[in-house]
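Reckoned from all heavy atoms, side chains included, excluding hydrogens, waters and symmetry mates.
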Amino acid sequence: MVNIYNYLKNVWKKVSLDLHQNSFAYLVLLVLLTLPLPYIFSSIAAIILVVYGIIFYPKGAFQNSKSLWIPIVLYFGIAVSYFWSITPSLTISALSKQIPLLLFPLVFFWHRLENENALQKVKNGYVFGYTFYALFWLLKAAIKYGITGSTHVFFYHELVTNDLNAIHVSLYLALGFFMVLEKIKRTLWDYFSMGILALCIVLLSSKNIIVLFFILALFRTYYLFRNQLSKRLKWTVFIGLLSIGVIFSGKVKERFYLEIASNTEAVSINQDIGKPTEKVFNVSIKDAWNRPVFNKNDFFPGTALRVYQLRIFKEMMQEDGKWFTGYGANATDLKIKQKRIAYQLYEGYDVFNFHNQYIQFFAEIGVFGFLLCIVMVLVNLKTAINRKDFVHFSFAILIISLFLTESFLSRQRGVLFFTLFYCIYNSLAHKETESNV
C-alpha cells in the first residue's frame with residue numbers, strides 16, 4: 001500500500017511540475033481541442049488563454065515580431081469599418097467574433113512555446129485529440145448507418161455536421177496527419193492515427209483539401225526516402241493506390257464528377273437534389289459568370305458557386321464604388337441577397353457569403369483588407385520556408401488554398417484555428433532569428 005502511495009505521489013509531482021513548466025502550451029492545446037465542440041467551450045478556452053497571458057506575462061520577455069502585427073492591424077481595419085458599415089449591428093458582431101486576431105498576437109508578444117519540447121506536447125496532444133474525434137465521428141456514422149441504411153452518413157457534412165463544416169474539419173485533420181508524417185521514427189499508435197485521419201479526410205470529400213493532402217504527403221514521402229529507393233517505392237505505391245481509390249470511389253468520385261460533368265455536358269442534371277418531377281440543373285462555370293438570369297431549380301456546384309460569387313462581388317463594387325472602404329465587416333449579406341433576387345435564384349443562396357477570404361475582406365473592408373490578407377499568408381509561407389518546418393509549410397499552403405474557396409475567418413472556429421497556429425509558428429520564427437544573431 002505504501003509503495004502504491006509513493007508511486008502515485010511521484011506521478012502527481014511529475015504531472016504538477018509538467019503542468020507548471022508547460023502551462024501555456026497546455027492552454028494553447030485546450031483551445032485547439034475544443035474547436036469541434038459547441039462554441040461556448042472554445043470561447044471559454046480562448047478567454048482562459050488570454051487571461052493567463054495577461055496575468056502571468058514574463059517580465060522583460062516582450063518580443064517585437066513584425067509578423068504578429070499583421071493580424072492586429074487587420075483587426076483594427078475591421079473595427080474602423082464600423083464607421084461606414086451599411087449594417088453597423090452586424091459589424092459589431094464581427095468585432096467580437098474576430099477578436100482573436102487582436103488578442104492572440106498580443107499574448108504571443110510575451111508568451112511563446114519556449115522550446116521544442118513544449119511544441120511537441122501541443123502536437124502530440126493535437127494528434128491524439130483529433131484521432132479520438134475522428135473515431136467518434138466514424139462510430140456515430142456507423143450507428144446512423146445501422147439505423148437508416150444510408151451510406152450518406154459517412155460522407156461530407158453528414159459525417160461531422162453542417163455546423164462543424166466538412167471542409168474546415170478536413171483542414172484540422174490534415175494538419176494532424178502531417179504532424180505524424182514529419183516524424184522520422186513512428187510508433188504503432190502513430191501509424192494507427194495516420195490511417196484514421198487519412199480515412200476521415202477522404203470521407204469528408206473536400207476536393208481542395210484532398211488534392212493538396214496527397215501532393216504534400218507525396219512531397220514529404222519523397223523527401224524522407226529520396227536516398228532509400230525501396231522504402232520510397234513502398235510509400236509512393238501505397239499513397240498512389242490510395243489516391244486512385246479516393247478518386248474512383250463512392251461519394252468522393254461523385255463530387256469530382258459533378259464538377260467535371262457540369263462543365264463538359266451541355267445540360268447536367270443533379271441526381272441527388274430534387275424529385276424526379278422537379279429536376280435540378282447544375283450550372284457550369286461559364287454560365288455562372290455569363291448568364292443574365294437563373295432559375296429557382298438551378299444548382300451551383302462548388303467551383304461554379306465561387307465563380308458566381310466573384311461575379312457579384314465585381315458587380316457590387318462597380319455599382320457602388322466601394323473599392324477603398326468596402327461595405328463594413330460582416331455587412332455584405334444584404335447586398336448578396338439583393339443580387340440573388342435580381343438573378344432569380346433559389347432563396348437558399350441568401351445564406352452564402354463570398355466563399356473566398358481574400359474577396360470577403362475586399363468586400364468588407366476594402367482594398368486595404370485584401371492586401372493585408374495577402375501579405376499575412378505570404379509572410380506565413382515565407383517564414384515556413386525559412387524555418388524548413390514541414391508542418392508549418394503544410395499549414396501555410398493549405399491556408400492559402402483554403403482562403404481561395406472559403407471565407408475561413410468569417411467563422412469563429414476558423415479565426416481561432418488560423419490565428420493560434422499563425423502566432424505559434426511566427427513567434428517561434430522570431431525566437432529562432434534572435435538566437436542566430
(message) Using ring centroids (six-membered ring only for Trp), state whether F299 and Y349 fall under 6.0 Å.
(response) no
(request) Could you tell me whether a side-chain N or O of R186 sits under 3.5 Å from a main-chain N or O of Y191, the two making a donor and an acceptor? (result) no
(message) Among L409, L372, I374, N356, exactly one meets side-chain contact (heavy atoms from CB on, under 4.5 Å) together with F361. Which residue is that?
(response) L409
(request) Take the angle between the ring planes of Y126 and F421 and call it parallel below 30°, perpendicular above 60°, tilted in between. (result) perpendicular
(request) Assign the ring pair F313 / W323 to parallel, tilted or perpendicular, where the plane angle (0 to 90°) is split at 30° and 60°. (result) perpendicular
(message) Using modelled atom types and a 3.5 Å cut-off, is there a donor and acceptor pairing between side-chain atoms of S401 and backbone atoms of I397?
(response) no
(request) Quick one: do D163 and R411 satisfy side chain to side chain contact (heavy atoms under 4.5 Å, CB included)? Show the steps, please. (result) CA-CA 10 Å; D163 179 55; R411 299 188 58 159; 3.9 Å; yes
(message) Does K140 have more than 12 heavy atoms from other residues, nucleotides or ligands lying within 6.0 Å of its NZ?
(response) yes
(message) Can a side-chain donor-acceptor contact be found between S85 and T87 if the only test is distance below 3.5 angstrom?
(response) no
(message) Check whether H157 reaches the backbone of N165 with its side chain - one donor and one acceptor, N or O, closer than 3.5 Å.
(response) no
(message) Pair F128, N124 - check side chain to side chain contact (heavy atoms under 4.5 Å, CB included), show working.
(response) CA-CA 6 Å; F128 179 85; N124 290 340; over 6 Å; no
(message) Using every non-hydrogen atom in the two residues, find where L68 and P105 come nearest and quote the distance to one decimal.
(response) O-CB, 3.4 Å
(message) If you count every heavy atom of other residues, nucleotides or ligands that lies below 6.0 Å from F390 atom CZ, does the total exceed 12?
(response) yes
(message) As an exercise, state the distance from CG of N426 to CZ of R387, rounded to the nearest 0.5 Å.
(response) 8.5 Å
(message) Determine whether a donor-acceptor pair (N or O, by modelled atom type, separation under 3.5 Å) exists between the side chain of Y130 and the backbone of V169.
(response) no
(request) May I have the step-by-step check of side chain to side chain contact (heavy atoms under 4.5 Å, CB included) for L74 and I70, ending in yes or no? (result) CA-CA 6 Å; L74 181 60; I70 302 174; 5.6 Å; no
(message) Counting C-beta onward and ignoring hydrogens, is there a side-chain heavy-atom pair between L101 and Q98 closer than 4.5 Å?
(response) yes
(message) Less than 4.5 Å apart, side chain to side chain, heavy atoms only: is that true for Q120 and K183?
(response) yes
(request) Starting at OG of S206, measure out to CG of L212 and round the result to the nearest 0.5 Å. (result) 9.0 Å
(request) To the nearest 0.5 Å, tell me how far M194 CE sits from F177 CZ. (result) 3.5 Å
(request) Calculate, to the nearest 0.5 Å, the distance between atoms CZ and CD1 belonging to F104 and I424 respectively. (result) 9.5 Å
(request) May I have the step-by-step check of side chain to side chain contact (heavy atoms under 4.5 Å, CB included) for L199 and L138, ending in yes or no? (result) CA-CA 10 Å; L199 174 62; L138 290 171; 4.0 Å; yes
(message) Is it the case that over 12 heavy atoms from other parts of the model lie below 6.0 angstrom from the NZ atom of K337?
(response) no
(request) From the options N330, L102, I365, select the one residue that forms a side-chain contact (heavy atoms from CB on, under 4.5 Å) with I78. (result) I365
(message) Surrounding CG of L139 (heavy atoms of other residues, nucleotides or ligands, distance under 6.0 Å), is the total greater than 12?
(response) yes
(request) Give the minimum heavy-atom separation between L398 and L171, together with the two atoms involved. (result) CB-CD1, 3.6 Å
(request) Indicate the ring-plane relationship of F219 and F393, choosing parallel, tilted or perpendicular according to the 30° and 60° boundaries. (result) tilted
(request) State whether the side chain of H111 and the backbone N or O of G53 hold a donor-acceptor pair below 3.5 Å, judged by distance alone. (result) yes
(message) Within the 3.5 Å criterion, strictly below it, is a donor on Q412 or S43 matched to an acceptor on the partner's side chain?
(response) yes
(request) Please confirm whether the backbone N or O of V377 pairs with a side-chain atom of N380, one donor and one acceptor, at under 3.5 Å? (result) no
(message) Could you tell me if D190 and S193 have a donor-acceptor pair between their side chains, going purely by distance under 3.5 Å?
(response) no
(message) Once rounded to the nearest 0.5 Å, what's the spacing between atom SG of C200 and atom CZ of F154?
(response) 10.5 Å
(request) Looking only at non-hydrogen atoms, find the nearest pair between V283 and P301 and report the distance. (result) O-CD, 3.3 Å
(message) Could you check whether any side-chain heavy atom of Y422 comes within less than 4.5 Å of a side-chain heavy atom of I399, counting everything from C-beta outward?
(response) no
(request) Taking the six-membered ring for Trp and the full ring for Phe, Tyr or His, determine whether the centres of F109 and W69 are under 6.0 Å apart. (result) yes
(message) Could you report the tightest heavy-atom contact between F178 and A217, atom names first, then the distance?
(response) CE2-N, 3.9 Å
(request) Work out which heavy atom in F368 is nearest to a heavy atom in G77; give both atom names and the distance. (result) CE2-CA, 3.8 Å
(message) Counting C-beta onward and ignoring hydrogens, is there a side-chain heavy-atom pair between V415 and F408 closer than 4.5 Å?
(response) no
(message) Please check this pair: side chain of Y133 against backbone of L33, looking for a donor-acceptor N/O pair closer than 3.5 Å.
(response) yes
(message) Closer than 3.5 angstrom, by distance alone: can the side chain of K322 be matched with the main-chain N or O of A363 as a donor-acceptor pair?
(response) no
(message) Can you confirm whether R306 sits close enough to E406 that some side-chain heavy atom of one is under 4.5 Å from a side-chain heavy atom of the other?
(response) yes
(message) Just by distance, no angles: are the side chains of Y172 and R413 close enough, under 3.5 Å, to form a donor-acceptor pair?
(response) no
(message) Distance alone, cut at 3.5 Å: any donor-acceptor contact between the side chains of S23 and Y52?
(response) yes
(request) Check the pair K144 / E158 against salt bridge (Lys or Arg N to Asp or Glu O under 4.0 Å), numbers first and verdict last. (result) CA-CA 10 Å; K144 284 185 178 179; E158 291 199 43; over 6 Å; no
(message) In the structure I gave you, are the side-chain heavy atoms of T325 and S81 within less than 4.5 Å of one another anywhere?
(response) no
(request) For the pair Y75 (side chain) and L95 (backbone), establish whether a donor and an acceptor sit closer than 3.5 Å, ignoring hydrogens and angles. (result) yes
(message) Does E315 form a salt bridge (Lys or Arg N to Asp or Glu O under 4.0 Å) with K339? I'd like the steps, not just the answer.
(response) CA-CA 9 Å; E315 292 175 356; K339 284 293 179 181; 3.1 Å; yes
(request) Measure the shortest side-chain to side-chain distance between Q360 and T332 over non-hydrogen atoms and say whether it is less than 4.5 angstrom. (result) yes
(message) I'd like to know if the side chain of Q309 and the backbone of H355 have a donor-acceptor N/O pair within less than 3.5 Å.
(response) no
(message) For a quick test of reading the model, state the closest non-hydrogen atom pair linking D287 to R311 and the distance between them.
(response) O-NH1, 3.9 Å
(request) Find the distance between CG (L197) and OG1 (T131) and round it off to the nearest 0.5 Å. (result) 4.0 Å
(message) Would you say the ring centers of F362 and Y358 fall short of 6.0 Å from each other?
(response) no
(request) Taking the side chain as every heavy atom from C-beta outward, state whether W84 and F324 have any atom pair closer than 4.5 Å. (result) no
